[in-house]
Amino acid sequence: MFDEIEFNKIKRLPKYVFASINEIKLQMRRNGEDVIDFSMGNPDGPTPEHIINKLCEAAKKPKNHGYSVSKGIYKLRLAVSNWYKRKYNVSLNPDTEVCATMGSKEGYVHLIQAITNPGDNAIVCSPAYPIHYYAFILNGANVINLPIKWDNEMYLDIESYFNDLQKSIKSAFPKPKFVVVNFPHNPTTTIVKKEFYERLVSIAKQERFYIISDIAYAELCFGDFKTPSIFEVDGAKDVAVETYTLSKTYNMAGWRVGFVVGNKKMIEALQKIKSWIDYGMHNPTQIAATIALDGEQDCVEEIKSKYEHRMEVLIKSFNSIGWEVNKPKASMFVWAKIPNDYLHLGSLEFCKRILQEAKVAFSPGVGFGENGEGYVRIALIENDKRIRQASKNLKNFFQKFKK
Ligand SMILES: Cc1ncc(COP(=O)(O)O)c(C=O)c1O
């Protein structure tokens with residue numbers, strides 16, 4: 001019906017690459033099969049008890065049942081500002097430099113909606129967390145892919161990054177207005193040092209573009225590595241915002257709490273668009289999120305250690321079956337190159353076969369953009385026992401389907 005009425009905006013979104021894996025997974029589960037599922041970055045642990053207790057306490061108070069404030073209650077924005085002071089020694093004004101969001105994905109999409117004009121150009125790392133790319137596409141803008149490279153220790157090859165960035169800026173028309181970065185990077189786990197942000201901020205000021213930096217995995221760092229914030233660089237607030245989420249750090253993915261901080265002009269635009277679109281998160285959730293950020297942080301250490309331990313178990317057991325993968329220094333993922341004998345299949349077909357034959361689900365690298373081809377992303381959301389079982393299943397798969 002009404003064939004002449006086209007929904008053109010939606011047509012710019014491709015079919016979700018992960019959908020075909022999800023369909024097979026669903027079918028297998030309906031048939032009673034047990035799938036060892038490493039495909040989604042959805043934390044498997046519970047939210048720490050003190051946060052749940054605060055939610056329950058706040059939910060019992062009728063004054064918390066009405067509409068909230070779309071940019072987040074003051075106490076939550078203050079807790080965000082305190083978190084930055086404690087963690088990075090960065091000062092943020094809770095009124096003008098902080099906006100609470102319903103998860104960082106919502107914050108990111110609405111920010112892009114607020115600041116992008118049709119036809120704008122944005123530069124995004126490739127591969128990428130898909131919405132980093134498609135938020136621009138949805139708003140009629142265009143994206144220039146910047147392929148990233150990393151070394152054996154998973155540090156970004158910054159010379160190659162800045163070379164390609166300068167080339168893209170020089171050759172693009174119109175001149176790119178936005179650069180999106182995300183370190184620790186999803187999906188590749190690539191990390192950067194403060195020096196990277198120093199150079200990026202300086203180029204942004206010279207070339208006149210805004211930076212959006214997503215540090216969703218900032219707290220999930222292993223060994224001595226610590227994720228820097230762009231705001232540790234003097235003057236970064238002139239050109240940048242940073243997005244963050246409570247989803248991973250506090251096992252609060254379903255609660256939908258995140259925030260965007262930094263540049264006043266961008267924060268004002270986000271607060272304004274949100275004031276038209278929503279009435280803010282459920283008050284008890286915001287009150288509990290305040291406790292998450294301001295309360296005891298032992299739970300963060302526990303959550304981080306669990307991922308680090310699983311990562312060690314996975315690397316060791318995969319190595320023992322001959323699948324060598326680089327050790328990540330941060331995030332909740334392992335980014336694994338597909339073994340040479342199976343590279344010709346492509347990552348989607350490789351994942352389908354592994355799923356059907358070994359009952360193990362990974363995310364195909366191509367789902368994160370064409371530069372993700374040849375890899376799979378493994379989310380560390382299964383326990384040790386199931387990681388070892390997955391490795392046994394994979395060993396059998398590799399033996400059965402030897403080239
Ligand atoms: C890099 C990155 N940014 C943002 C998000 C979204 O987090 P949230 O749950 O806060 O929307 C994710 C989720 O996987 C992510 O990987």
Side-chain angles (χ1 to χ4, degrees), residues 16-18 22 37-45 47 51 72 76 80 83 98-113 124-136 148 154 156 179-192 211-221 227 229-230 241-262 270 274 277-278 280-282 285-286 288-289 292-293 300 303-304 307 328-335 362-363 365 367-369 372 375-381:
Y16 206 44
V17 176
F18 307 116
N22 290 341
D37 192 354
F38 299 98
S39 62
M40 199 180 168
N42 189 6
D44 59 315
T47 303
I51 304 173
L76 177 55
V80 170
W83 185 84
V98 179
C99 184
T101 57
M102 297 173 177
S104 59
K105 196 177 187 183
E106 178 272 324
Y108 179 81
V109 173
H110 283 142
L111 173 70
I112 302 309
Q113 189 177 2
V124 178
C125 296
S126 176
Y129 175 53
I131 199 65
H132 284 164
Y133 190 98
Y134 285 104
F136 288 102
I148 57 165
M154 299 313 295
L156 180 72
V179 169
V180 179
V181 291
N182 161 223
F183 301 108
H185 183 243
N186 178 11
T188 67
T189 81
T190 303
I191 49 174
V192 294
I211 302 164
I212 299 143
S213 173
D214 176 342
I215 55 163
Y217 300 96
E219 288 279 21
L220 305 182
C221 300
T227 296
S229 159
I230 197 165
V241 288
E242 207 157 62
T243 68
Y244 188 67
T245 174
L246 275 65
S247 297
K248 320 286 175 169
T249 314
Y250 303 98
N251 285 342
M252 288 173 69
W255 295 51
R256 314 308 301 128
V257 190
F259 50 83
V260 184
V261 304
L270 177 60
K274 279 178 67 64
I277 291 173
D278 68 62
M281 272 171 278
H282 181 224
T285 300
Q286 296 195 52
L293 292 169
V300 177
I303 290 168
K304 185 197 86 166
Y307 289 124
K329 279 204 163 54
S331 85
M332 56 185 287
F333 306 112
V334 170
W335 181 242
F362 296 145
S363 288
F368 303 93
Y375 287 83
V376 293
R377 192 196 70 178
I378 306 170
L380 297 163
I381 52 165

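Just follow the structure's listing: the first ligand is 1, and inside any ligand the first atom is 1. Quick note: numbers below take in every heavy atom, side chains included, and nothing from hydrogens, waters or symmetry partners.
Ligand-side atoms of ligand 1 in range of Asn186: 1 (C), 15 (C), 16 (O), range being under 4.0 angstrom from any heavy atom. If you number the atoms of ligand 1 from 1 as listed, the ones under 4.0 Å from a heavy atom of Thr245 come out as 7 (O), 8 (P), 9 (O), 10 (O). When each atom of ligand 1 is checked for a heavy atom of Ala216 under 4.0 Å away, the hits are 2 (C), 3 (N). Listed by atom number, the atoms of ligand 1 under 4.0 Å from Gly103 heavy atoms are 10 (O), 11 (O). Using a 4.0 Å cut-off to heavy atoms of Lys248, the atoms of ligand 1 that qualify are 13 (C), 14 (O).
Contacts of Asn182 with ligand 1, taken as heavy-atom pairs under 4.0 Å, involve the side chain alone. Heavy atoms of Arg256 found under 4.0 angstrom from ligand 1 belong exclusively to the side chain. Contacts of Tyr217 with ligand 1, taken as heavy-atom pairs under 4.0 Å, involve the side chain alone.
Considering Ser331, Ser247, Gly254, Pro184 only, the shortest heavy-atom separation from atom 9 (O) of ligand 1 involves Ser247. The closest heavy-atom contact to atom 7 (O) of ligand 1, among the options Pro43, Gly41, Ser104, comes from Ser104.
For the ligand labelled ligand 1, residue Met102 lies outside the 4.0 Å heavy-atom shell.
The aromatic rings of Tyr129 and His132 sit perpendicular, their planes meeting at an angle over 60°, well past the 30° parallel limit.
Evaluation of the side-chain contact (heavy atoms from CB on, under 4.5 Å) rule for Ser104 yields Thr243, Thr245 as partners, not counting sequence neighbours. Residues that satisfy the side-chain contact (heavy atoms from CB on, under 4.5 Å) test with Tyr244, not counting sequence neighbours, are Trp83, Ile215, Ala218, Glu219, Thr249, Phe259.
Checking side-chain atoms of Arg377 against main-chain N and O of Phe362 turns up no donor-acceptor pair under 3.5 Å.
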